[in-house]
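These values consider heavy atoms only, across backbone and side chains, with no hydrogens, waters or symmetry-generated copies. Quick caveat, the model's predicted, so the values are computed rather than measured. Labels below follow one simple rule: chain letters A, B, ... track the order of the sequence lines, proteins then strands, and each chain is numbered from 1.
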Number of protein chains: 2
Amino acid sequence: MKSKEIKDAALKYFTIHGYEGASLSQIAEEAGVKKQSIYAHFKGKDDLFLQVLRDAKETELSSKLQYFNHVGSQNPKEDLYGYLRLAIDLFQKNEHLKFWLRMSFFPPAHLAKEIEKEVIDIIEKEQRILESIFQTWLDAKVIADNLAKTLTYAFLGVVDSIMLELVYGNDEKRLKEKLEASWTVFWRGISLQ
Amino acid sequence: MKSKEIKDAALKYFTIHGYEGASLSQIAEEAGVKKQSIYAHFKGKDDLFLQVLRDAKETELSSKLQYFNHVGSQNPKEDLYGYLRLAIDLFQKNEHLKFWLRMSFFPPAHLAKEIEKEVIDIIEKEQRILESIFQTWLDAKVIADNLAKTLTYAFLGVVDSIMLELVYGNDEKRLKEKLEASWTVFWRGISLQ
DNA sequence: GTCTATAGCGAGATAGAC
DNA sequence: GTCTATCTCGCTATAGAC
């Protein structure tokens with residue numbers, strides 16, 4: 001059963017070279033099979049790609065859901081900061097998140113519609129979790145009295161900026177400094193005075 | 001002289017499909033020439049790509065430099081917010097910025113080193129401008145007394161998050177809301193209390 | 001399910017007439 | 001500088017033996 005090896009290799013090369021730039025022969029070689037054997041497991045390149053995409057989505061989503069189920073939302077500051085660290089961890093530990101980001105931003109044109117559906121689904125789920133968390137804190141007057149949506153968007157902006165720095169990915173020191181800077185200003189910006 | 005038409009078409013297809021996904025025959029058709037004619041103007045696909053890259057860099061850099069030469073740095077709040085609006089404008093008016101972002105994040109592997117040099121150059125220039133502006137304001141005690149670098153990184157984080165929302169690019173309303181949220185929290189976070 | 005063999009296509013690139 | 005014609009290569013995908 002070489003199915004997992006093929007998907008792992010596909011994830012790697014789709015991430016590095018994009019859909020069009022990755023070839024089935026590269027993927028097969030990395031997986032230790034002949035390229036024609038791929039067709040015993042997948043209908044074709046599109047099918048392989050979409051299965052890898054769904055795995056990546058599943059991995060990302062479950063990691064994030066697990067995080068918020070685990071933390072008790074008792075310490076807002078620590079929990080939110082921990083979420084940023086989690087995102088950095090996920091990115092650096094396995095390739096799923098980098099693959100996911102690449103395909104979210106620049107999907108292969110002929111699969112754009114299908115990919116967009118998955119992307120919107122995950123974005124909405126993340127947003128809803130954060131909104132409910134911010135709402136809880138608003139009710140408890142822990143942070144500045146404002147709309148949960150504004151806080152969510154501002155925080156998602158911090159998440160995005162960290163993601164982007166990870167994608168650039170050539171400077172650990174700069175990543176750390178940008179994280180600290182964004183986080184410091186964000187927390188100051190939402191705190192009660 | 002079809003050179004400009006070829007570069008315009010190349011910019012378009014490199015942006016939509018990436019380096020590997022864009023074909024010279026598509027580009028030639030869009031430019032109104034046969035694909036073999038491209039070789040009268042460019043040594044090959046790499047050469048065409050790198051010339052388009054340098055044009056895009058030039059366009060982006062000069063727009064941003066011009067902005068900060070134009071505004072007098074008398075009104076920090078308005079000037080910084082204007083910079084965010086400028087980035088949105090640049091992105092929506094022409095394709096250079098989207099092309100630039102795609103190639104910054106996910107360069108074709110065999111040209112990654114050359115592209116990275118250009119990317120770092122532009123990032124450092126933008127950063128230096130912002131740092132000097134924040135320093136001027138720090139000296140004038142207009143904003144919270146802190147290091148110019150922290151403020152610059154936090155602001156660049158806001159810029160990045162807006163860029164990323166533009167790249168996703170399917171929701172004008174969401175873009176506006178994220179801009180307002182990030183900007184509101186950022187400004188509150190750096191203001192004197 | 002994995003292999004060998006091969007089809008069919010489109011890619012980037014070159015040669016040479018005009 | 002633009003064209004027609006052509007080369008070579010690597011790609012996705014299929015057929016059929018084991």
Side-chain angles (χ1 to χ4, degrees), chain A residues 1-56 95 99 102-103 106-115, chain B residues 1-56 95 99 102-103 106-115:
Chain A
M1 279 289 235
K2 293 281 194 178
S3 194
K4 172 142 192 346
E5 279 89 337
I6 293 169
K7 283 201 282 186
D8 286 348
L11 175 70
K12 173 176 169 179
Y13 283 107
F14 283 142
T15 303
I16 299 174
H17 296 116
Y19 177 89
E20 296 90 348
S23 76
L24 294 181
S25 53
Q26 275 182 316
I27 291 168
E29 194 179 17
E30 174 93 4
V33 295
K34 296 291 161 185
K35 71 169 175 175
Q36 295 87 337
S37 304
I38 292 176
Y39 291 87
H41 300 271
F42 306 95
K43 275 184 276 184
K45 192 179 185 180
D46 283 7
D47 184 39
L48 171 58
F49 176 84
L50 289 172
Q51 291 204 33
V52 172
L53 183 82
R54 270 153 208 152
D55 286 357
E95 293 216 272
F99 169 86
R102 176 164 195 161
M103 297 314 156
F106 303 110
H110 72 292
L111 299 175
K113 284 265 171 274
E114 273 181 89
I115 296 172
Chain B
M1 280 289 233
K2 293 282 194 175
S3 193
K4 175 147 189 346
E5 278 89 338
I6 292 170
K7 284 201 282 186
D8 286 348
L11 175 71
K12 174 176 168 180
Y13 284 106
F14 283 141
T15 303
I16 299 174
H17 296 116
Y19 177 89
E20 295 90 348
S23 75
L24 294 181
S25 52
Q26 274 182 318
I27 291 168
E29 193 178 18
E30 174 93 5
V33 296
K34 296 292 162 187
K35 73 167 175 173
Q36 297 86 337
S37 304
I38 292 176
Y39 292 87
H41 300 271
F42 307 93
K43 274 184 276 182
K45 194 179 184 181
D46 282 7
D47 184 39
L48 171 58
F49 176 83
L50 289 171
Q51 291 204 32
V52 171
L53 183 82
R54 269 151 209 153
D55 286 358
E95 294 215 272
F99 169 86
R102 177 165 195 158
M103 297 314 157
F106 303 110
H110 72 293
L111 299 175
K113 283 263 173 275
E114 274 180 89
I115 295 172

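- With salt bridges taken as basic N to acidic carboxylate O contacts below 4.0 Å, none links B/Lys45 and B/Glu20.
- Straight-line distance from the CD1 atom of B/Ile27 to the C1' atom of C/dA13: 14 Å, rounded to whole Å.
- The phosphate of C/dA11 (OP1 or OP2) has a side-chain N or O of B/Ser25 nearer than 4.0 angstrom.
- A salt bridge is absent between B/Lys12 and B/Asp8: the closest approach of a Lys/Arg side-chain nitrogen to an acidic carboxylate oxygen does not fall below 4.0 angstrom.
- Here B/Lys45 reaches the OP1 or OP2 of C/dG12: one of its side-chain N or O atoms lies under 4.0 Å away.
- One can place CD1 of B/Ile38 at 11 Å from C1' of C/dA13, the figure rounded to the nearest angstrom.
- A heavy atom closer than 4.0 Å to some atom of DNA chain C occurs in no member of residues 5-21 of chain B.
- With rounding to whole Å, B/Gln36 atom CD is found 12 Å from D/dC7 atom C1'.
- At the phosphate of D/dC11, OP1 or OP2 sits under 4.0 Å from a side-chain N or O atom of A/Ser23.
- In this structure, the CD atom of B/Glu29 is 15 Å from the C1' atom of C/dA11, given to the nearest Å.
- Separation of atoms CD (B/Glu5) and CD1 (B/Ile27) is listed at 14.0 Å; rounding is to 0.5 Å.
- Along DNA chain C, the nucleotide closest to B/Tyr39 and the one closest to A/His41 are compared, and the more 5′ of them pairs with A/His41.
- The side chain of A/Lys35 has D/dA13 as its nearest neighbour among D/dT2, D/dA13, D/dT6.
- Side chain of B/Arg102 to backbone of B/Pro107: no donor-acceptor contact under 3.5 angstrom is found.
- Shown here are the ring-ring contact (aromatic ring centres under 6.0 Å, His included) partners of B/Phe14, two or more places apart in sequence or in another chain: B/Tyr19, B/Phe49.
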Open item on the list: Before you tell me yes or no, could you show the steps for A/Asp46 and A/His110 under side-chain hydrogen bond (donor to acceptor under 3.5 Å, both in side chains), namely the whole-Å CA-CA distance, both residues' side-chain angles and the distance that decides it to 0.1 Å?
Closed with: CA-CA 10 Å; A/Asp46 283 7; A/His110 72 292; 3.0 Å; yes
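- Here D/dG1 presents its P atom at 11 Å from CZ of B/Phe42, a figure rounded to the nearest Å.
- Distance, B/Leu24 CG to C/dG10 P: 15 Å, rounded to whole Å.
- Residue contacts for A/Ala22: at a heavy-atom cut-off of 4.0 Å it reaches the sugar-phosphate backbone alone, with no base atom in range.
- Closest approach of B/Leu48 and B/Lys7 over heavy atoms only: CD1-CG, 4.2 Å.
- Here A/Ser37 lies in heavy-atom contact (under 4.0 Å) with a base.
- Residue contacts for B/Lys2: at a heavy-atom cut-off of 4.0 Å it reaches the sugar-phosphate backbone alone, with no base atom in range.
- The NZ-P distance, from A/Lys34 to D/dC18, rounds to 19 Å in whole Å.
- Rounded to whole Å, atom C1' of C/dG12 lies 16 Å from atom NZ of B/Lys43.
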